[in-house]
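Input: a single structure, listed below in structure tokens.
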Amino acid sequence: MNRLRLAIQSKGRLSEESVALLREIGIDIDEASRKFLSQAPNFPLELLYMRDDDIPQVVSGGTAALGIVGLNEVEERGFDVKVAARLGFGRCRISLAIPRNEEYTGPQWFSGRRIATSYPNILRRWLSDKGVDARIEVITGSVEVAPAADIADAIFDIVSSGGTLVSNGLKEVEQVFQSEAVLIANGNLDSGQQEVLDEMLFRIESAGISRRKKYILMNLPESAMEEAKRILPAMRSPTVMPLAAKGWCSMHSVVEEPVLWEKIHQLKAIGAEGILVLNIDKIVP
Ligand code: ATP
Ligand code: MG
């Protein structure tokens, strides 16, 4: 297989989780020798560490075939890349916020006002969509202090918990863009490169599925087995094994995390005992 270059953020909010994801899908990363370029010893991948701002551009230009970056950067930079997978970490939103004591009257509040942001393109699109004419002040860092410093009347910035807004006397009034980390790919991969990407996607999917599922096992009176199968459908059908105690069996299955507690209560109600719930390392679809 061809060796592919993957650009990831060198230092910042996405770096650790990017490396953790690669490890989770069985790609060894030698963090001790983390440098500009490093080879994965057991997978045809070469890591390129860089600032997140530059990742869409190097992937679009082909210097790196792949990249892991926030969808917000992909959207803002506007380079032509394919989003190959959403990765579920680095979730945040880009929102408009105004001073807490202002009364918000809807998008027209921003008419004729100054908005500080590091995301002028995403903001410009939203403003034109709403038919609002505002002035965009581009600043690259500490956007949240702009209103207090009278650089702007409002800000358009990344929010996750909202704590930074509150401590700067601001309130969030419009959530404009939802972001998470994504795996991006150059649009012209050759077939060898595509094969490596497909293998990564296959593993990412398996890891993602297993994170949302739990392995569950329990002892059941044999008379309750049919009912238990209806409660826990499993991938094909649950595994049932006899127990030494007469009239009892052990049933194993896989259950979706969001319905886990509801299922546990249903199973207890039909006589299940000794219920164990285990984490799943991988599920191969
Ligand atoms: P660099 O030095 O690489 O340019 P940066 O300062 O631009 O780093 P970070 O703050 O590390 O960027 O954020 C990287 C990405 O993480 C953002 O583009 C966004 O997708 C996501 N992100 C940023 N802030 C948060 C947050 N508060 N919560 C969750 N994810 C966030
Ligand atoms: Mg950056």
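Heavy-atom basis, side chains included; hydrogens, waters and symmetry copies ignored. It should be emphasised that the depicted structure is a prediction, and the values quoted were computed from it without experimental measurement. For ligands, and for the atoms within them, numbers begin at 1 and follow the listed sequence.
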>> Which of the protein's N, O or S atoms come within less than 2.8 Å of the Mg ion (ligand 2), not counting waters?
In response: Asp52 OD1, Asp53 OD1
> Parallel, tilted or perpendicular: which describes the rings of Phe156 and Tyr119, with under 30° parallel and over 60° perpendicular?
Replying inline: perpendicular
> Can any side-chain N or O of Asn219 pair as donor or acceptor with the backbone N or O of Ser250 at less than 3.5 Å?
Replying inline: no
>> What I want to find out is whether Lys130 reaches Glu174 closely enough, with some N-O distance under 4.0 Å, to be called a salt bridge.
In response: no
> Quick one: does ligand 1 sit under 4.0 Å from the side chain of Arg91, the backbone, both or neither, non-hydrogen atoms only?
Replying inline: backbone
>> With heavy-atom distances below 4.0 Å as the criterion, list the atoms of ligand 1 near Gly12.
In response: 11 (O)
> Tell me, which protein residue and heavy-atom name are nearest atom 17 (C) of ligand 1, and how many Å apart are they?
Replying inline: Asn72 ND2, 3.7 Å
> Should we count NZ of Lys268 as having more than 12 external heavy atoms under 6.0 Å?
Replying inline: no
>> Using the salt bridge (Lys or Arg N to Asp or Glu O under 4.0 Å) criterion, which residues pair with Glu222? Sequence neighbours excluded.
In response: none
> Given that the side chain starts at C-beta and the backbone is N, CA, C, O, which of these parts of Arg13 lies under 4.0 Å from ligand 1, counting heavy atoms, or is it both or neither?
Replying inline: both
> With a 4.0 Å cut-off, would you call Glu257 and Arg212 a salt bridge?
Replying inline: no
>> Does either side chain, that of Glu144 or that of Thr164, offer a donor lying less than 3.5 Å from an acceptor on the other one?
In response: no
